[in-house]
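Presented below is the structure to which this report refers.
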Number of protein chains: 2
Amino acid sequence: MSEPGLACCTPLSGTAMSAEQAEQVAPLLKALADPVRLRLVSLIASSASGEACVCDLNDAFELTQATISHHLKVLHSAGLLDRKKRGVWVYYAVRPAALRAVAGLFETAVPA
Amino acid sequence: MSEPGLACCTPLSGTAMSAEQAEQVAPLLKALADPVRLRLVSLIASSASGEACVCDLNDAFELTQATISHHLKVLHSAGLLDRKKRGVWVYYAVRPAALRAVAGLFETAVPA
DNA sequence: TCGTCATATCGACGCTTGTCAATATGATGG
DNA sequence: CCATCATATTGACAAGCGTCGATATGACGA
């Protein structure tokens with residue numbers, strides 16, 4: 001692993017993400033890194049009321065109800081979605097703070 | 001899967017991400033959804049010259065050279081990193097366009 | 001030509017993930 | 001109470017992932 005002290009190129013400079021930061025943000029990205037979950041978040045975020053009923057989400061995909069439920073759980077456990085039960089139905093809403101945390105990652109990383 | 005035509009809640013409205021869009025962006029997020037790869041991109045992006053030599057990246061982690069090489073390959077295959085060989089050394093640089101594609105996702109999704 | 005160094009590839013290993021069918025939970029209405 | 005509906009959970013399966021040690025590739029200097 002190149003022990004000798006002879007620089008082969010420009011040393012890494014600037015302030016890069018810390019290991020702890022990476023460990024914190026990666027789970028959020030992992031939760032979003034699935035086509036179905038991306039669409040779920042998008043559907044919920046773009047709904048008029050800011051929230052969506054699971055029954056509608058189920059109908060938007062050609063997947064089992066169990067699978068959608070699983071994906072929603074993943075997003076909820078990651079802190080990306082809020083869960084609210086009203087009567088028989090369950091509504092999920094996006095947590096803007098969580099999305100902003102991810103967005104912030106790229107705002108600082110990408111040089112416009 | 002709730003066939004009857006009785007709406008239980010607000011129908012999903014607005015323009016959400018298409019399935020094709022989701023399938024396109026998800027691989028980018030998947031490539032970034034790992035603490036090591038996140039740090040790799042961050043290290044490269046924050047380097048003074050905008051690129052980083054693999055030898056330096058190896059030294060920044062307590063991982064095998066094979067593992068780092070694998071992660072760099074994943075990022076490169078996803079289109080997030082450019083690869084340039086100079087002499088014995090290999091340099092990776094971030095592709096701003098790819099990062100912007102991901103950033104755009106959240107700019108439109110997150111309501112400021 | 002040979003040895004060395006930097007990087008990539010291979011093969012293997014355990015762990016995680018996405019999906020499903022089946023079943024459980026829990027609220028509602030008759 | 002009981003049947004029904006919406007959602008969650010369980011258990012199983014194949015596929016994918018992160019990591020490693022070992023080895024291959026390919027460039028350089030002596």
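The chains referred to below are lettered A, B, ... by the order of the sequence lines, with proteins before strands, and numbering in each begins at 1. Here the structure is a predicted model, which is why all the values come from computation and not from measurement.
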Between [atom2] of [N] and [atom1] of [X], the distance in whole Å:
{"X": "A/Asp56", "N": "D/dC5", "atom1": "CG", "atom2": "P", "answer": "17 Å"}
{"X": "A/Trp89", "N": "D/dA6", "atom1": "CH2", "atom2": "P", "answer": "8 Å"}
{"X": "A/Arg39", "N": "C/dG18", "atom1": "CZ", "atom2": "P", "answer": "15 Å"}
{"X": "B/Gln65", "N": "C/dC5", "atom1": "CD", "atom2": "C1'", "answer": "11 Å"}
{"X": "A/Leu72", "N": "D/dA6", "atom1": "CG", "atom2": "C1'", "answer": "13 Å"}
{"X": "A/Ile68", "N": "C/dA21", "atom1": "CD1", "atom2": "C1'", "answer": "16 Å"}
{"X": "A/Leu63", "N": "C/dT17", "atom1": "CG", "atom2": "P", "answer": "18 Å"}
{"X": "B/Leu40", "N": "D/dG18", "atom1": "CG", "atom2": "C1'", "answer": "13 Å"}

Between A/Val88 and A/His71, who's closer to the 5' end of DNA chain C by nearest nucleotide?
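Closer to the 5' end of DNA chain C: A/His71.
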B/Val102, B/Val25, B/Leu29 screened by side chain to side chain contact (heavy atoms under 4.5 Å, CB included) with A/Leu32, the one that passes:
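Testing A/Leu32 for a side chain to side chain contact (heavy atoms under 4.5 Å, CB included) against B/Val102, B/Val25, B/Leu29 leaves exactly one candidate, B/Leu29.
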Reported CG-to-CG distance for the pair B/Leu80 and B/Leu40, which is rounded to 0.5 angstrom:
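CG of B/Leu40 is found 11.5 Å from CG of B/Leu80.
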Distance (rounded to the nearest 0.5 Å) between B/Leu75 CG and B/Leu38 CG:
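Reported value, rounded in 0.5 Å steps: 9.0 Å.
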Would you please test A/Met17 and A/Glu23 for side-chain contact (heavy atoms from CB on, under 4.5 Å) and show each step?
CA-CA 10 Å; A/Met17 197 180 328; A/Glu23 302 274 358; over 6 Å; no
Is there a donor-acceptor pair under 3.5 Å between the side chain of [X] and the backbone N or O of [Y]?
{"X": "A/Arg95", "Y": "A/Gly79", "answer": "yes"}
{"X": "B/Thr67", "Y": "B/Leu63", "answer": "no"}
{"X": "B/Ser49", "Y": "B/Glu51", "answer": "yes"}

Under a plain distance cut-off of 3.5 Å, with no hydrogens placed, do B/Arg37 and B/His71 share a side-chain donor-acceptor pair?
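Per modelled atom types, B/His71 and B/Arg37 side chains form a pair under 3.5 Å.
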Is the phosphate of [N] approached by [X] (side-chain N or O, under 4.0 Å from OP1 or OP2)?
{"X": "A/Tyr92", "N": "D/dA6", "value": "no"}
{"X": "A/Thr67", "N": "C/dG18", "value": "no"}
{"X": "A/Thr64", "N": "C/dC20", "value": "yes"}

Name every residue in residues 74-85 of chain B that has at least one heavy atom under 4.0 Å from any atom of DNA chain C, in order of residue number, or write none if there are no such residues.
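Here the set is B/Arg83.
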Pull out every residue in residues 19-37 of chain A that has a heavy atom closer than 4.0 Å to any atom of DNA chain C, ordered by number, or say none.
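Result for residues 19-37 of chain A: A/Asp34, A/Arg37, sorted by number.
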For A/Ser69 and for B/Ala66, locate the closest nucleotide of DNA chain D by heavy-atom distance; then report the residue assigned to the nucleotide nearer the 5' terminus.
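Closest to the 5' end, via its nearest nucleotide, is A/Ser69.
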Report yes or no: is the cationic atom of A/Arg86 (NZ for Lys, CZ for Arg) closer than 6.0 Å to the six-membered ring centre of A/Tyr91, at no more than 45° off its axis?
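The answer is yes, since A/Arg86 meets both limits relative to A/Tyr91.
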Between C/dC20, D/dT9, D/dA8, which nucleotide has the shortest distance from any of its atoms to the side chain of A/Lys73?
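Nearest to the side-chain atoms of A/Lys73, counting from C-beta on, is D/dT9.
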Name the closest nucleotide to the A/Asn58 side chain, picking from C/dT7, D/dT7, D/dC20.
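The nucleotide sitting nearest to the side chain is D/dT7.
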List the steps and the verdict of side-chain contact (heavy atoms from CB on, under 4.5 Å) for B/Phe61 and B/Ile68.
CA-CA 8 Å; B/Phe61 297 85; B/Ile68 298 298; 3.8 Å; yes
Remember a base hit wins even if backbone is also touched, and classify A/His70 as base, sugar-phosphate or nothing at under 4.0 Å, heavy atoms.
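It contacts base atoms.
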